[in-house]
Amino acid sequence: MTAEQLHTPCYVIDRDRLEENLKVLRGVMDRTGCRILLAQKAFSCYAVYPLISQYLCGATASGLFEARLCHEEMPGRENHVFSPAFRGEDMPEILSICDHIVFNSIRQLELFGARAKEAGLQVGLRINPQISTQPSEHAIYDPCAPGSRLGVTLDEFRKAPANLVALLDGLHFHTLCEQNSDDLETTLNGFEQQFREWLPQMKWVNFGGGHHITRADYDIPRLERCIKRMSEGYGLTVYLEPGEAIALNAGYLHTQVLEVQHHAGAMDIAILDTSAACHMPDVIEMPYRPPLRDSGLAGEKAYTYRLGGPTCLSGDIIGEYSFDSPLKEGQTIIFEDMAIYSMVKNNTFNGMPLPAIYLKQGSNYTLLKSFNYADFKSRL
Ligand SMILES: *Cc1c(COP(=O)(O)O)cnc(C)c1O
């Protein structure tokens with residue numbers, strides 16, 4: 001199938017770009033001995049799990065369902081799971097399919113830690129090093145913000161009963177979001193200073209996600225120095241579990257212009273067959289401006305439009321973009337960087353259809369999934 005034959009709206013996963021990212025990550029593993037996992041919450045399109053498994057060590061899950069997906073679709077690979085609070089009823093299955101479990105509190109460690117050990121899993125605890133490195137407008141993405149429910153602070157850790165601390169094979173921190181390795185280094189300095197006395201008794205440390213390793217300006221040598229500090233200094237295996245970095249810039253959202261509106265004294269509007277609220281919710285939640293192929297900022301090129309979705313939500317606006325020529329009804333435009341936090345987050349608000357998913361290899365496209373009315377109705 002060619003690009004012109006795709007049915008919009010649709011996501012396209014670019015296999016070649018994905019593989020380029022995987023090669024970068026593999027390079028870090030080969031040079032440092034660290035182990036890199038896919039954080040499935042960012043990207044769970046399991047059709048490409050066989051490719052990902054060729055390069056990475058496995059995956060990490062936010063709970064039972066993602067853990068099951070890894071178990072089924074990355075057989076034989078490492079299967080890690082973390083949750084802010086596990087449910088007792090999920091434990092038998094989690095313990096039968098995972099090899100690493102990370103608890104978020106001393107209470108959860110007390111509830112489930114010994115059982116996890118008996119089942120043969122490695123047990124970890126998420127730490128909150130209380131070092132915020134994110135801009136304050138990113139507070140919802142900052143697990144170190146005051147009052148955070150994520151991770152155990154040094155004070156809490158010190159009070160933990162010795163028999164529970166003795167269950168731990170590793171420590172885990174996740175504090176970054178789309179950040180470079182200078183912020184990792186800042187976090188690691190604090191983590192090491194706070195938890196140094198317990199590191200010799202651990203087998204591993206997990207640096208979490210949020211490392212934008214496959215971004216052009218990412219400082220990989222500094223990341224590798226951070227990894228070696230832990231592996232050579234304390235004999236620890238270092239895990240990284242990026243989501244974004246794995247499929248960064250490796251996917252697109254193709255969408256069609258349904259209508260062009262002109263309003264007196266206001267910017268022209270194009271209504272698309274894709275919705276920010278349904279198909280790229282991070283545009284509203286994060287918020288951020290998705291890159292759009294062959295476009296400029298408002299006013300930069302000759303024709304500027306506000307791009308909006310077909311839902312009832314007044315704020316279903318993707319942003320303001322400019323073009324060299326006027327947009328036309330029926331024309332396809334292509335949003336970039338749409339593999340991550342898109343398919344995993346979409347919804348059918350307003351009865352919006354879910355975009356189909358295609359795989360692009362070279363200039364050839366194959367349909368992986370399409371959705372219809374039954375997918376909307378069956379969830380309600
Ligand atoms: C979100 C998350 C990740 C992945 O984060 P990215 O920003 O997609 O790299 C990894 N680990 C944990 C615990 C997370 O919550």
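Counting starts at 1 for both ligands and their atoms, in listed order. FYI, the numbering just counts along the sequence from 1. Please read these numbers as outputs of a predicted model, since none were measured by experiment. Side chains are part of it too, since the values below use all heavy atoms of this structure and drop only hydrogens, waters and symmetry mates.
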Do any N/O atoms on H172 end up under 3.5 angstrom from N/O atoms on ligand 1? no
Ignoring angles and geometry beyond distance, decide whether G243 reaches within less than 3.5 Å of ligand 1 through its nitrogen or oxygen atoms. yes
Heavy-atom contacts with [X] under 4.0 Å: which atoms of ligand 1 show up? List them by number with element.
X	answer
E241	3 (C), 4 (C), 10 (C), 11 (N), 12 (C), 13 (C)
R126	13 (C)
A39	3 (C), 4 (C), 10 (C)
P242	9 (O)

Pick from S83, G210, A245: the one approaching atom 5 (O) of ligand 1 most closely through a non-hydrogen atom: G210
Quick one: does C177 get a heavy atom under 4.0 Å from ligand 1? no
d(Q261 CD, D268 CG) to nearest 0.5 Å is 9.5 Å
H7 backbone acceptor or donor facing Y358 side chain under 3.5 Å: yes
Are a donor atom and an acceptor atom from the side chains of Q40 and Y46 found within less than 3.5 Å of each other? no
Are a donor atom and an acceptor atom from the side chains of E192 and Y234 found within less than 3.5 Å of each other? yes
So which heavy atom in the protein is nearest atom 15 (O) of ligand 1, and how far is it from that ligand atom? K41 NZ, 2.7 Å
Which protein heavy atom lies closest to atom 8 (O) of ligand 1, and at what distance to 0.1 Å? Y341 OH, 2.6 Å
Within 45 degrees of the ring normal and closer than 6.0 Å to the centroid, is that where the cationic atom of R293 sits relative to Y252? yes
Would you check, one step at a time, whether the test salt bridge (charged side-chain N to carboxylate O under 4.0 Å, His left out) holds for D169 with K117? CA-CA 10 Å; D169 298 293; K117 279 298 255 220; 2.9 Å; yes
Test of understanding: given a 4.0 Å heavy-atom threshold, classify the contact between E244 and ligand 1 as side chain, backbone, both, or neither. both
With heavy atoms under 4.0 Å as the rule, classify the contact between E178 and ligand 1 as side chain, backbone, both or neither. neither
Measure up the F112 and F86 rings against each other and bin them: parallel (under 30°), tilted (30 to 60°), perpendicular (over 60°). perpendicular
Relative to each other, are the rings of W198 and F157 parallel, tilted or perpendicular (30° and 60° limits)? perpendicular
